[in-house]
Structure formats: structure tokens, C-alpha cells
Amino acid sequence: MADIIKIILPSESAEKSPVAPSSTGSGAAASSGGSADGALSAQGVVRGARNILAATGIKQIADNVIAYNISTVSMRTGAAEYQQKLQFIYSESSQALSSVAAIGMGALFGGPAGAAVAAVGVGLNYIMKALNWSENANTIRINENREDISIQMQNIRAGSLGRRNGS
């Protein structure tokens with residue numbers, strides 16, 4: 001037996017369609033780039049992409065200027081450690097800003113589910129970053145311990161171990 005499929009046109013339906021409305025709608029929802037149910041129209045996507053490209057260009061120029069100023073700190077002041085701290089702070093703040101932008105883009109194009117997926121990705125990235133920092137700190141501690149042992153062995157060979165404390 002053949003099944004009968006009934007097609008209900010949106011104009012005939014009393015309930016809301018599960019399909020996103022077309023981008024040819026009019027009114028406040030269409031002029032703001034979205035529809036009444038939160039779906040993006042083609043105009044809204046184009047407008048958002050244009051704004052993102054403009055912000056990206058401005059961010060690249062600002063990154064270039066800031067990176068140059070940070071890279072010349074040790075030449076201007078002689079403070080290499082201060083330059084390293086500034087580079088670290090700038091790098092981490094730039095990555096944090098990118099993470100916020102990624103979550104915003106997820107929310108813009110995927111709604112709450114897109115924002116949640118982006119937030120999970122950002123969270124995993126920061127977990128990996130924390131593990132990396134921990135491993136680097138452990139490596140530094142191991143190297144310091146090896147250096148201390150090496151200095152003690154040199155002092156023993158030189159016969160100078162304990163001379164300062166009266167032995």
C-alpha cells in the first residue's frame with residue numbers, strides 16, 4: 001500500500017514551522033539581520049561577516065604596533081625580564097580575547113548550542129595550557145635541582161664544601 005503524505009503550506013498552518021523563514025521577510029526582525037525566532041538572514045550574515053573583517057583588520061594593525069613596542073623594551077630600558085613579562089601578558093590576553101570572540105561567534109552562528117560547543121573547545125584549550133605550564137614549571141625545578149647537585153659536587157672536588165660554615 002502506498003502511504004499518503006500531506007503537505008501543509010506555511011500559510012495554511014496555524015502553528016510555527018520548524019523550518020527557518022526565508023530571508024525576504026520585512027519588518028524589524030529582517031532589518032536587524034534576524035527573524036522573530038532568532039534565525040539569521042542572509043543580510044545579517046553578510047553584515048556580521050563585514051564587521052568581523054573590519055575588526056580583524058584593525059586588530060592586526062594594533063597587534064603589529066603593540067608587538068613592536070613590546071619587542072623594543074629591552075633595547076630601550078635594558079630590562080629583558082620585563083620584556084618577557086610584557087610579551088607573556090600580551091600573548092595571554094590576546095588569546096583570551098580570541099577565546100571570547102570564538103564563543104561569541106559560536107553564539108552568533110549556532111545560538112546557545114554553538115556557544116556551548118565553542119566554550120567547551122576554549123575550556124579544553126585552557127586545560128592543555130595549564131598542563132603545559134605545570135610541565136614547564138616541573139622541568140625548571142628539575143634543572144635547578146640538577147644544577148644544585150652539580151655545584152655541590154664541584155665544591156666537594158675542590159675541597160671547599162663547608163668552609164664557610166666553620167667546618
- request: Kindly indicate, with the supporting measurements, whether the criterion side-chain contact (heavy atoms from CB on, under 4.5 Å) is fulfilled by Asn143 and Arg146.
  value: CA-CA 5 Å; Asn143 285 334; Arg146 287 178 51 197; 3.9 Å; yes
message: Tell me whether Thr139 contacts the main-chain N or O of Glu135 through its side chain, where contact means a donor paired with an acceptor under 3.5 Å.
response: yes
message: Can a donor-acceptor pair be found, under 3.5 Å and without considering hydrogens, that links the side chain of Ser134 to the backbone of Ala130?
response: no
query: For the side chain to side chain contact (heavy atoms under 4.5 Å, CB included) test, which of Glu92, Gln84, Lys85 pairs with Phe88?
result: Glu92
Looking only at heavy atoms, which two atoms of [X] and [Y] are closest? And how far apart?
X: Gly106; Y: Ala118; value: CA-CB, 4.4 Å
X: Ser71; Y: Gln83; value: O-NE2, 3.4 Å
X: Lys59; Y: Ser98; value: CE-OG, 4.5 Å
X: Ile70; Y: Gln87; value: CG2-CG, 3.2 Å

With rounding to the nearest 0.5 Å, note down the distance linking [atom1] in [X] to [atom2] in [Y].
X: Asn136; Y: Leu131; atom1: CG; atom2: CG; answer: 11.0 Å
X: Gln154; Y: Arg157; atom1: CD; atom2: CZ; answer: 6.0 Å
X: Asn69; Y: Asn64; atom1: CG; atom2: CG; answer: 10.0 Å

- prompt: With the 4.5 Å side-chain cut-off for hydrophobic clustering, are Met105 and Val117 part of the same group?
  reply: no
query: Would a hydrophobic clustering, with Ile, Leu, Val, Met, Phe, Trp and Tyr connected at side-chain separations under 4.5 Å, put Tyr90 with Leu86?
result: yes
message: Counting only heavy atoms not in Tyr126 (residues, nucleotides, ligands), do more than 12 fall under 6.0 Å from its OH?
response: yes
